[in-house]
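Input: a single structure, listed below in structure tokens.
Predicted, not measured: the structure shown is a model, and the values here were computed from it.
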Amino acid sequence: MFHVNHQPGVEIHRTDPFAVPSGQKSPARRLRGRLAAPVTLWTAPGPAGLTVSSTLVAEGEPDRLLGLVDPESDLWAAVEEAGRFAVTPLGPPHRQLADRFAGLFPSPGGLFATGSWTDTGYGPVPADAGGWAGCRLDSAREYGWALLVEATIEAVTLTEETAPLLHYRGRYHELG
């Protein structure tokens with residue numbers, strides 16, 4: 001994602017110039033970085049969306065979904081207003097999409113301006129996704145610097161088996 005331009009006076013870095021040096025990160029943040037996490041896209045009517053790597057599905061009666069989201073995100077405002085949202089597990093072909101919704105990649109025309117989208121009652125989902133879940137918001141509360149969102153899974157659509165995109169130590173990885 002980061003590149004070096006060898007023209008005098010112009011430089012784009014190979015690494016994140018704003019990243020906190022490893023020795024200055026809290027032990028909990030360093031531990032979190034060592035846990036592989038699925039990369040998901042949360043979307044809501046509006047539309048709004050956010051890349052989320054803190055997502056957990058709990059089977060039961062009813063099935064539930066938990067996640068940590070940015071309380072100041074456009075996604076949270078849309079979820080709070082609509083009371084529902086969609087969660088899509090992303091795969092290796094979705095790296096750029098994940099970066100766009102994480103605010104790391106430009107999105108001229110808006111987050112949903114490129115790519116093919118399927119409209120659902122829970123929010124738009126990428127048309128090439130292997131599946132998605134439609135969720136009803138149950139509650140949210142501050143949890144660390146995030147909001148712990150609790151939801152009931154009302155719908156699950158699975159199409160094809162796809163490999164997951166994982167986030168580990170600040171980078172995307174694939175199973176292999």
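Between the CG atom in Leu166 and the CD atom in Glu174 there is a gap of 9.0 Å [rounded to 0.5 Å]. With rounding to the nearest 0.5 angstrom, the CH2 atom of Trp145 is 12.5 Å from the CD atom of Glu72. The CG atom of Leu147 sits 10.5 Å away from atom CG of Leu75, with the distance rounded to the nearest 0.5 Å. Distance check, rounded to the nearest 0.5 Å: OG of Ser139 to CG of Leu66 gives 9.0 Å. One distance of note links CG of Leu35 with NE2 of His167; it measures 12.0 Å at 0.5 Å rounding. Interatomic distance, Phe101 CZ to His94 NE2, rounded to the nearest 0.5 Å: 11.0 Å.
Leu65 and Trp76 end up in the same hydrophobic cluster when Ile, Leu, Val, Met, Phe, Trp and Tyr side chains are linked at under 4.5 Å. Cluster annotation: Leu90 is not connected to Val52 through the hydrophobic network of ILVMFWY side chains, with a link wherever side-chain heavy atoms come within less than 4.5 Å. Criterion: ILVMFWY side-chain heavy atoms under 4.5 Å apart, direct or through other members. Under it, Phe112 and Val39 are part of a common hydrophobic cluster. The hydrophobic cluster containing Leu158 also contains Val57, counting ILVMFWY residues as joined when their side-chain heavy atoms lie under 4.5 angstrom apart, directly or transitively.
The closest side-chain heavy-atom distance from Thr43 to Trp132 is not below 4.5 Å. You'll find the side chain of Arg100 reaches within 4.5 Å of the side chain of Thr114, heavy atoms only. Using a 4.5 Å heavy-atom threshold, the side chains of Arg64 and Asp138 count as touching. The side-chain heavy atoms of Pro164 and Leu175, taken from C-beta on, include a pair separated by under 4.5 Å.
Here the closest heavy-atom approach between residue Asp70 and residue Leu50 is recorded as N-CD2, 4.1 Å. The minimum heavy-atom distance linking Leu111 with Gly49 is given by the pair CD1-O, 4.0 Å. Nearest heavy atoms, Leu97 versus Pro126: CD2-CG, 3.9 Å. In plain terms, the two heavy atoms of Trp42 and Gly67 that are nearest each other are CH2-CA, 3.6 Å. In this structure, Tyr122 and Pro45 approach most closely via the heavy-atom pair O-CD, 3.2 Å. Across all their heavy atoms, Gly131 and Thr159 have their closest contact at N-OG1, 4.1 Å.
The backbone N or O of Ala82 lies less than 3.5 Å from a partner atom in the side chain of Arg84, making a donor-acceptor pair. At distances below 3.5 Å, not a single donor-acceptor pair connects side-chain atoms of Arg136 with backbone N or O atoms of Glu154.
Atom CG of Asp63 is surrounded by more than 12 heavy atoms from other residues, nucleotides or ligands within 6.0 Å.
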Test side-chain contact (heavy atoms from CB on, under 4.5 Å) applied to Arg171 and His173, step by step
CA-CA 7 Å; Arg171 294 191 179 352; His173 295 271; 3.9 Å; yes

Going through the checks in order, is the side-chain contact (heavy atoms from CB on, under 4.5 Å) test met by Val149 and Phe85?
CA-CA 11 Å; Val149 175; Phe85 59 96; 4.1 Å; yes

Stepwise, does the side-chain contact (heavy atoms from CB on, under 4.5 Å) test hold for Leu68 with Leu148?
CA-CA 5 Å; Leu68 295 173; Leu148 174 60; 4.0 Å; yes

